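It should be emphasised that the depicted structure is a prediction, and the values quoted were computed from it without experimental measurement.
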Amino acid sequence: MAESWSFLDTFESNFRPLVVVELAKGTKKETIEWFTKRIVDKKANGGAQLLVKPLVTEKGEENIYLVGASHLRLLLGAETVGLVKECNDNSMRTFTYSSRKTFRDFADDNHNFLTMAECQYIIKHELENLRAKDEKMIPGYPQAKLYPGKSIVRRLLTSGILVQIFPLHDREELKKLRHSWYGRVKVGYQPLDEIRCYFGETIALYFGFLEYFTFALVPMAVIGIPYYVFAWEDYDKYVMFATFNLLWSTVILEVWKRICAIVTYRWGTLLMKRQFEEPRPGFHGVLGINPVTGREEPVYSSIKRQIRIYLVSLPFVCLCLYFSLYVMMIYFDLEQWALDYHEENESNFSSLMLFVPSIIYAVVIEIMNRIYRYAAEFLTSWGKKVVYSSSLNTNNKYFYLQFNFLNCFASLFYIAFVLFDMKLLRQSLATLLITSQILNQFAESLLPYWLQKRHKKRMKKRMSSLKTDTDLTLVEQINLEKEMGTYFGTFDDYLELFLQFGYVSLFSCVYPLAAVFAVLNNITEIYSDALKMCRVYKRPFAEPTANIGVWQLAFETMSVISVVTNCILIGMSPQVNALFPDSKMDLILTVALVEHLLLAIKFIMAFVIPDKPRDIQIKLAKLEFESLEALKQQVRSTAQSIKQRENSTDLLVHIEL
């Protein structure tokens, strides 16, 4: 990408464009001057102290600006955001500029000490935390009101003045990553460290979990095939398979915690202090003092936040759940119609018609999930007024997961435990699983990729006819990237794996082939997700993370529910019922006892297997000990300084006397 930046070298040799800021066409000059001044102004004056250069478009307009930062500014920003880097003694420590010489590979002339993703993350952090102080409005737009604590970027976005902010791709590095990642079909691990350096820890950790989960599904798929082929209706023979499934789900989640700790420690995010992160840029409370950090930041009444949750968000969720159940009942009416049609005609066409209601229902589920997601994001951002960005994401996921779980699995629970129709349950499970996988592959990767290819061809034809003195490669790159779709995070990707895990584990004794289809889907998912990250969407900003967050709890909760469902399904089988011909109460007590024993084994295994390997625990304990010792030393030094000043004061008083 160095060639595409060569035209800038004549202006400032240290300027490296990292982030693109696109303003609306026709933005008033005084607004542009005010905004760019805030970006380049010193931190002491409320600015971001970054570098800005305009990019002249083909029509001579200056509505696109390239943002960068000096090497020194990025190092100071790395300390501000709390990046953790490896030291010369192989330990991981929070980077500080004063101790920069102690970090591995650091040199004053080494501009690769921070990855490009880290540099862009620092710039995003500084831009998002530009806040109004004394301004009452945006210059040139009296209707765009400001007040102390209001995010400037947020106000510019909501007023339509700021179109978007996105990080630039590094074309050479992206080309290398594409080749090693999905450029050729191979059997091997993904280049997670390279993915992390380019896209950041959150995306790299998702692909690591996807790869791990796919490998973990292989034993279930291998064992499920013979059960499917040789023991279709004998549900009592599935006791061993279901038991293995339950223990398997516990082991893979506990082992993942250990793998995640190893990887994130090496990346430095396991040590990052998230409790002192900056307020969410969309939050616009009145400025106040954080009692923990002492920083000036927006505050918001928790009482008002709770009122908005329970009077607006909660009723909306209940309404959506009611609508989901209503659609489910329509689905059962269609199933009955298809069954009656098949009994009347008994043809190949009527046999195919038996699958049509499940396919239609699967499509409707996907549509409702996507509609509800946008509504949940709006309500979470508006209603909860969550101050911190990580809290916003967590609360949003809890809201959305509740709806998705009921929306996707309510019909299966109804068929299993109300209708007691195992044949329909097996048919519905297979149809929902396969249809949802096909729809997700098409909607998330294939369709966006095809649309992007069409747009790229049109853009290249238009750019080839232009005559401009500006570096054509850079202009072409920015014009292509600014029209790409925006990647909204890993939520949908994790959700797909979560639902897949539910299909595999909840009713494993009914449809053991679910793991086989999951493995096949995930193999293609790795390549399609890699393709969309590199070719379909804009480059997302890196986001440090230490784990998969709320999804770990979601997967563990699903595994607990699967214990209950599988035990009940086995207890409902004719073979097991035949063992208790005289007393159904004995059957219920036996099933409950087995379920409690399996849950006890599950929780004991979760307790016995440590979340972090022993060596990681020792390293973390050592860092904590060193921090306490440093704090004690600081306290002792402060006490000595005070004592010396007191002695000096006493000596002066004695001399005067």
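- The distance from atom CZ of Phe517 to atom CD of Gln437, rounded to the nearest 0.5 Å, is 8.5 Å.
- In summary, Lys124 and Glu543 engage in a salt bridge, as defined by a charged side-chain N under 4.0 Å from a carboxylate O.
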Applying ring pair (Phe, Tyr, Trp, His ring centres under 6.0 Å) to Phe409 and Tyr503, what does each step give before you reach the verdict? CA-CA 8 Å; Phe409 296 111; Tyr503 288 129; 5.1 Å; yes

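- Within the 3.5 Å criterion, the main-chain N or O of Met572 finds a donor-acceptor partner in the side chain of Asn577.
- Here the closest heavy-atom approach between residue Gly200 and residue Ala542 is recorded as CA-CB, 3.6 Å.
- Side chains of Leu495 and Phe491 form a contact here, defined as non-hydrogen atoms less than 4.5 Å apart.
- Between Glu481 and Lys538 there is no salt bridge, since no side-chain N of the basic residue sits under 4.0 Å from a carboxylate O of the acidic one.
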Run the salt bridge (charged side-chain N to carboxylate O under 4.0 Å, His left out) check on Glu556 and Lys257 step by step: do they pass? CA-CA 11 Å; Glu556 291 173 351; Lys257 289 181 183 178; 2.9 Å; yes

Step by step, would you call Asp340 with Glu343 a side-chain contact (heavy atoms from CB on, under 4.5 Å)? CA-CA 5 Å; Asp340 295 340; Glu343 291 176 351; 4.2 Å; yes

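- Nearest heavy-atom pair across Ser428 and Leu412 is CB-CD2, 3.9 Å.
- Remark: side-chain polar atoms of Tyr487 are not paired, donor with acceptor, to backbone N or O of Val536 under 3.5 angstrom.
- When atom types are taken as modelled, the side chain of Thr545 and the backbone of Asn547 share a donor-acceptor pair closer than 3.5 angstrom.
- Using a 4.0 Å cut-off between a side-chain N of Lys or Arg and a carboxylate O of Asp or Glu, Glu118 and Arg196 qualify as a salt bridge.
- Within the 4.5 Å cutoff, the side chain of Val364 has no heavy atoms near those of the Tyr331 side chain.
- If you take OG1 on Thr250 and CG on Leu598, they are separated by 9.5 Å, rounding to the nearest 0.5 Å.
- Separating the OG atom in Ser505 from the CD1 atom in Ile252 is a distance of 8.5 Å, to the nearest 0.5 Å.
- In this structure a side-chain-to-backbone donor-acceptor pair under 3.5 Å is missing from Thr490 to Ile203.
- Ring pair Phe498/Phe555 is perpendicular by interplanar angle, where above 60° counts as perpendicular and below 30° as parallel.
- In Phe215, the CZ atom is crowded: over 12 heavy atoms of neighbouring residues, nucleotides or ligands sit closer than 6.0 Å.
- Two residues are said to be in side-chain contact when any heavy atoms from C-beta on lie closer than 4.5 Å; Val263 and Trp267 meet this criterion.
- Considering only heavy atoms from C-beta on, Ile601 stays 4.5 Å or farther from Ile604 through its side chain.
- For the pair Leu325/Leu321, no side-chain contact is recorded, criterion being any heavy-atom separation below 4.5 Å from C-beta on.
- Using cut-offs of 30° and 60° for the angle between ring planes, the Tyr322 and Tyr326 rings count as parallel.
- Using a 4.5 Å heavy-atom cutoff, the side chains of Phe420 and Ile415 are not in contact.
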Applying side-chain hydrogen bond (donor to acceptor under 3.5 Å, both in side chains) to Glu496 and Gln500, what does each step give before you reach the verdict? CA-CA 6 Å; Glu496 186 177 348; Gln500 183 187 97; 5.5 Å; no

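- Here the shortest heavy-atom pairing between Leu253 and Gln552 reads O-NE2, 3.4 Å.
- No side-chain donor-acceptor contact under 3.5 Å links Tyr198 and Asp170.
- There is no side-chain donor-acceptor pair under 3.5 Å between Asn566 and Glu595.
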Step-by-step salt bridge (charged side-chain N to carboxylate O under 4.0 Å, His left out) determination, Asp421 to Arg426: CA-CA 9 Å; Asp421 191 338; Arg426 186 165 55 244; over 6 Å; no

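- A donor-acceptor contact closer than 3.5 angstrom is absent between the side chains of Glu194 and Trp181.
- Residue Tyr537 comes nearest to Met484 through the heavy atom pair O-SD, 3.5 Å, listed as atom of the first residue, atom of the second, then distance.
- Using a 4.5 Å cut-off on side-chain heavy atoms (C-beta onward), Cys408 and Asn369 make contact.
- Interatomic distance, Ile365 CD1 to Asn407 CG, rounded to the nearest 0.5 Å: 5.0 Å.
- Rounding to the nearest 0.5 Å gives a distance of 11.5 Å between CD of Glu201 and CG of Leu270.
- Without hydrogens or angle criteria, Glu254 side chain to Met605 main chain gives no donor-acceptor distance under 3.5 Å.
- Using modelled atom types, one side-chain atom of Ser350 and one backbone atom of Ser347 make a donor-acceptor pair closer than 3.5 Å.
- The pair Asp193-Arg266 meets the salt-bridge criterion, since a charged nitrogen lies less than 4.0 angstrom from a carboxylate oxygen.
- Nearest heavy-atom pair, Tyr511 versus Leu429, reported as atom, atom and distance to 0.1 Å: CB-CD2, 3.5 Å.
- With no hydrogens or angles considered, no side-chain donor-acceptor pair links Tyr361 and Thr431 at under 3.5 Å.
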Test log, rule side-chain contact (heavy atoms from CB on, under 4.5 Å), inputs Tyr206 and Asp529: CA-CA 10 Å; Tyr206 160 70; Asp529 283 353; 2.6 Å; yes

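- Listed for the Thr269 side chain is no donor-acceptor partner under 3.5 Å among the backbone atoms of Tyr265.
- Nearest heavy-atom pair, Ala338 versus Met353, reported as atom, atom and distance to 0.1 Å: CB-O, 3.6 Å.
- One side chain, Ser358 or Glu335, offers a donor N or O that lies under 3.5 Å from an acceptor on the other.
- Taking CD of Gln617 as the start and CG of Asp615 as the end, the distance is 8.5 Å to the nearest 0.5 Å.
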Evaluate ring pair (Phe, Tyr, Trp, His ring centres under 6.0 Å) for Trp551 paired with Phe501, printing each intermediate quantity in order. CA-CA 12 Å; Trp551 294 108; Phe501 182 70; over 10 Å; no

Going through the distances and angles, do Phe507 and Phe413 end up as a ring pair (Phe, Tyr, Trp, His ring centres under 6.0 Å)? CA-CA 9 Å; Phe507 307 99; Phe413 280 101; 5.5 Å; yes

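- Ring orientation note: the planes of Phe209 and Tyr494 are tilted relative to one another, at an angle of 30° to 60°.
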Begin from the C-alpha positions of His169 and Lys175 and carry the test side-chain contact (heavy atoms from CB on, under 4.5 Å) through to its verdict. CA-CA 10 Å; His169 271 297; Lys175 185 177 180 181; over 6 Å; no

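- Cation-pi geometry between Arg535 and Tyr182 is not satisfied (NZ or CZ under 6.0 Å from the ring centre, within 45° of the ring normal).
- A donor-acceptor pair under 3.5 Å is absent between the side-chain atoms of Thr435 and the main chain of Leu432, judged by distance alone.
- Side-chain contact check for Ile616 versus Leu620: some heavy-atom pair is nearer than 4.5 Å.
- Taking a 6.0 Å sphere around CG of Asn348, one finds it holds 12 or fewer heavy atoms contributed by other residues, nucleotides or ligands.
- Checking side-chain atoms of His596 against main-chain N and O of Ala592 turns up a donor-acceptor pair under 3.5 Å.
- When atom types are taken as modelled, the side chain of Asn440 and the backbone of Ser436 share a donor-acceptor pair closer than 3.5 angstrom.
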